[in-house]
Amino acid sequence: DDCLLMFVCLFDCLALFARCFMDEETADCLKAASDCLYATVCACMLTQHKVELEIIKEELKSVPYGGIPEHIFGVLPPKQQEMLPVVQGVPVAQGHAVAQGQPQGAPVFYGQPVDK
């Protein structure tokens, strides 16, 4: 994909140079080639995404999504933790996951209890 996108940029640059130093028709042809190449790249990327999503959907049928793993949730910034109301059945208090055995509202830093 990166190589194809590089060619799209190259054709765009060539079209700009042609517009400055050559005739208008050549510049228009290069711009049209750039647009066609860009459309092809986009179609390929969208098809690739569709195939990957279908694979994920098939995998989720056999192994359902269980939520964000606690070790990942624990390292999320507090603002992102606030966006998630519940993490695998553990309530979120004041933007932080409540550690098991900790009272509600106890200080927590990145999902870990903080000793005072």
Checklist line | Electrostatic pair Lys61:Glu58 at N-O distance under 4.0 angstrom | finding: yes
Next item on the list: To the nearest 0.5 angstrom, please state how far the NE2 atom of His49 sits from the CD1 atom of Ile56.
Entry: 10.0 Å
Item checked: Set of side-chain contact (heavy atoms from CB on, under 4.5 Å) partners for Leu14, sequence neighbours left out -> Leu10, Leu30
Margin query: If I take atom CG from residue Asp12 and atom CZ from residue Phe17, how far apart are they, to the nearest 0.5 angstrom?
Written below: 11.5 Å
Note to self: Using a 3.5 Å distance criterion without hydrogens, assess whether the side chain of Gln81 forms a donor-acceptor pair with backbone atoms of Phe73.
What the structure shows: yes
Next item on the list: Look at atom CD of Glu25 and say whether more than 12 heavy atoms of other residues, nucleotides or ligands are closer to it than 6.0 Å.
Entry: no
Next item on the list: Could you walk me through whether Arg19 and Asp28 pass side-chain contact (heavy atoms from CB on, under 4.5 Å), step by step?
Entry: CA-CA 8 Å; Arg19 192 165 309 279; Asp28 289 341; 3.3 Å; yes
Next item on the list: Output yes when a side-chain donor or acceptor of Thr40 lies under 3.5 Å from a complementary backbone atom of Cys36, and no otherwise.
Entry: yes
Check: About how many Å separate CG of Asp35 and NZ of Lys31, when rounded to the nearest 0.5 Å?
Finding: 4.5 Å
Next item on the list: To the nearest 0.5 angstrom, please state how far the CG atom of Leu37 sits from the CZ atom of Phe11.
Entry: 6.5 Å
Checklist line | Nearest atoms (heavy-atom pairs only) where Ala15 meets Ala27 | finding: O-CB, 3.7 Å
Note to self: Measuring from atom CG of Leu4 to atom CE of Met45, what distance do you get when rounded to the nearest 0.5 angstrom?
What the structure shows: 9.5 Å
